[in-house]
Amino acid sequence: MSYVKGLKCRECARTYPAEAIYVCEFCFASLEVDYDYEAMRSHVTRARIESGPKSLWRYRDLLPIDRDPSEGFHSGFTPLVRAERLAQALGVKELFIKDDSVCHPTLSFKDRVVSVALSKAKELGFDTVACASTGNLANSVAAHGARAGLKRYIFIPHDLEAAKVLGTLIYEPNLIMVNGNYDDVNRLCGEIAAKYRWAFVNVNLRPYYAEGSKTFGFEVAEQLGWKTPAHVVCCAASGSLITKIWKGFKEFEKLDLLEAPVQTKLHCAQPEGCSPISELILSGGDALRPVKPKTIAKSLAIGNPADGYYARDAVRESGGSAEVATDHEIREGIQLLARTEGIFTETAGGVTVACAKKLIETKIIPRNDSIVLAITGNGLKTQDAIESVIEPAIKIEPHLKSFEEQMLAGRK
Ligand SMILES: *Cc1c(COP(=O)(O)O)cnc(C)c1O
Ligand SMILES: [Zn+2]
């Protein structure tokens, strides 16, 4: 049972069959999955969702597969953590962390999009999957693809963190390191996708892949008791996740699943060294200006974001805003979250925390409103970025005297 009608152009609304295509032949805009919401309305209820599996597949009625899912049975449904100590540190009343740093199996929200994309790839009969990645997608396609028994070609820029490279190679895919940045890698993958019959999860399967990100928003709403928060702060690379969180909230509203209409303001968080979407939002202008990324937040280093305009539109429609964080502020954001909540996030999460702090300080987010921070990845993968600011361990000899001498010197 599927509610998918097909694909539809995001600009001219021309319709296409649900195949491995992603660009409108007439206006070259991107395609999006089109659902039959009327048919969904009578079937998709809170009770039906609540009785589903504790994974992103509890929302399968709103996801673009025709047959039963084949991948990602344990992905998604991550904790929504009430963050009282961080709230106190930031001077706000009600703060939550949506913690995808513990998403199964590769510790980032990319396990959501890959679960959907690989289930779709199998439906469409592909035996080879591929992707262009800033790191986390590489880990996830490599891992899910291993379990799925698929051949994998994974393309990354040459300068990723060691843990993201190793965390891909362990699953034994073909890992291709390109001498260029992500935007170079992505352009190359467009050419390769046109020539080889491979399922590129974020190129020719992008319409399906992107829908997986809605589940991040679905979970936030369900875990808050079928409500959406007053604010969501979300980091952005291509701008897909933030766009789809909004789409997810609006779908729940359309299906009458929420206690109240969506009044959430979405805020876009980007690193200062790569902030084309935040700049577009803050400038109020009409043209996104691509940049050459220079930031420690490598997972967000996309200078020419595919969904930049759609992210801007979602933020604008919600009445939200944008911020940027310097490398120094990103490190501080990572440390603040760890120190207050015991959650170790990667640089992208540091961007979210740092930008949230600034949005609160500038009163764009009022202190009494409910806030959800999108923590999208795990700090064990980006240790390189914070090594220089971490306090070293206290070294002692194996004697009580040595312990007491050193402890008294360095006591916290
Ligand atoms: C990919 C990624 C993002 C951003 O995703 P987009 O959908 O491309 O905006 C955010 N955080 C982490 C950790 C990521 O890996
Ligand atoms: Zn079109």
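Order of listing sets the numbers, starting from 1, for every ligand and every atom in it.
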When you compare ligand 1 with [X], is there at least one nitrogen or oxygen pair between them that comes in under 3.5 angstrom?
{"X": "Ser108", "result": "no"}
{"X": "Asn136", "result": "yes"}
{"X": "Ser299", "result": "no"}

Legend entry - Selection from Gln270, Lys164, Lys110 by shortest heavy-atom distance to atom 1 (C) of ligand 1: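 It is Lys110 that holds the nearest heavy atom.
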
Legend entry - Nearest-neighbour protein heavy atom for atom 11 (N) of ligand 1, which is reported as residue plus atom name and distance: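 The closest one turns out to be Thr376 OG1, 2.6 Å.
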
Inset, instruction - Please work out which of the three classes, parallel, tilted or perpendicular, describes the rings of His104 and His74, given edges at 30° and 60°. - result: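 If you compare the ring of His74 with that of His104, the planes turn out perpendicular.
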
Inset, instruction - Measure the acute angle between the ring planes of Trp226 and Phe252, then classify it against the limits of 30° and 60° as parallel, tilted or perpendicular. - result: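 Because their plane-to-plane angle lies in the 30° to 60° range, the rings of Trp226 and Phe252 count as tilted.
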
Element-labelled atoms of ligand 1 that are located less than 4.0 Å from some non-hydrogen atom of [X]:
{"X": "Gly239", "answer": "6 (P), 8 (O), 9 (O)"}
{"X": "Ala237", "answer": "4 (C), 6 (P), 8 (O), 9 (O)"}
{"X": "Ser240", "answer": "6 (P), 7 (O), 9 (O)"}
{"X": "Ala236", "answer": "9 (O)"}
{"X": "Ser238", "answer": "6 (P), 7 (O), 8 (O), 9 (O)"}
{"X": "Glu346", "answer": "13 (C)"}
{"X": "Leu241", "answer": "6 (P), 7 (O), 9 (O)"}
{"X": "Cys235", "answer": "10 (C), 11 (N)"}

Legend entry - NZ or CZ of Arg10 within 45° of Tyr310 ring axis and under 6.0 Å: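 Geometry flag: set, cation within 6.0 Å and 45°.
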
Inset, instruction - Indicate yes or no: at least one non-hydrogen side-chain atom of Val315 is less than 4.5 angstrom from one of Ile242. - result: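 Of all side-chain heavy-atom pairs linking Ile242 with Val315, at least one is under 4.5 Å.
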
Legend entry - Test: Arg339 and Glu332 ion pair at under 4.0 Å: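 Salt bridge absent between Arg339 and Glu332.
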
Inset, instruction - Give a yes or no answer on whether the side chain of Lys247 reaches the backbone of Lys214 with a donor-acceptor pair at less than 3.5 Å. - result: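 Pair absent, no side-chain N/O of Lys247 close to backbone of Lys214.
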
Side chains of [X] and [Y]: is there a donor and an acceptor less than 3.5 Å apart?
{"X": "Ser321", "Y": "Lys265", "value": "no"}
{"X": "Asp111", "Y": "Ser140", "value": "yes"}
{"X": "Tyr59", "Y": "Glu222", "value": "yes"}

Legend entry - Apex the Zn ion (ligand 2) - arms SG from Cys12 and SG from Cys24 - angle rounded to 10°: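 Once rounded, the angle between the two atoms at the Zn ion (ligand 2) is 110°.
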
Inset, instruction - Please calculate the SG(Cys9)-the Zn ion (ligand 2)-SG(Cys27) angle and round it to 10 degrees. - result: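 An angle of 100° at the metal.
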
Legend entry - More than 12 heavy atoms of other groups within 6.0 Å of Gln383 CD: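 Buried by this count: over 12 neighbours within 6.0 Å.
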
Legend entry - Which segment of Leu300 sits under 4.0 Å of ligand 1 when only heavy atoms are counted: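 Side chain only; the backbone of Leu300 stays clear of ligand 1.
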
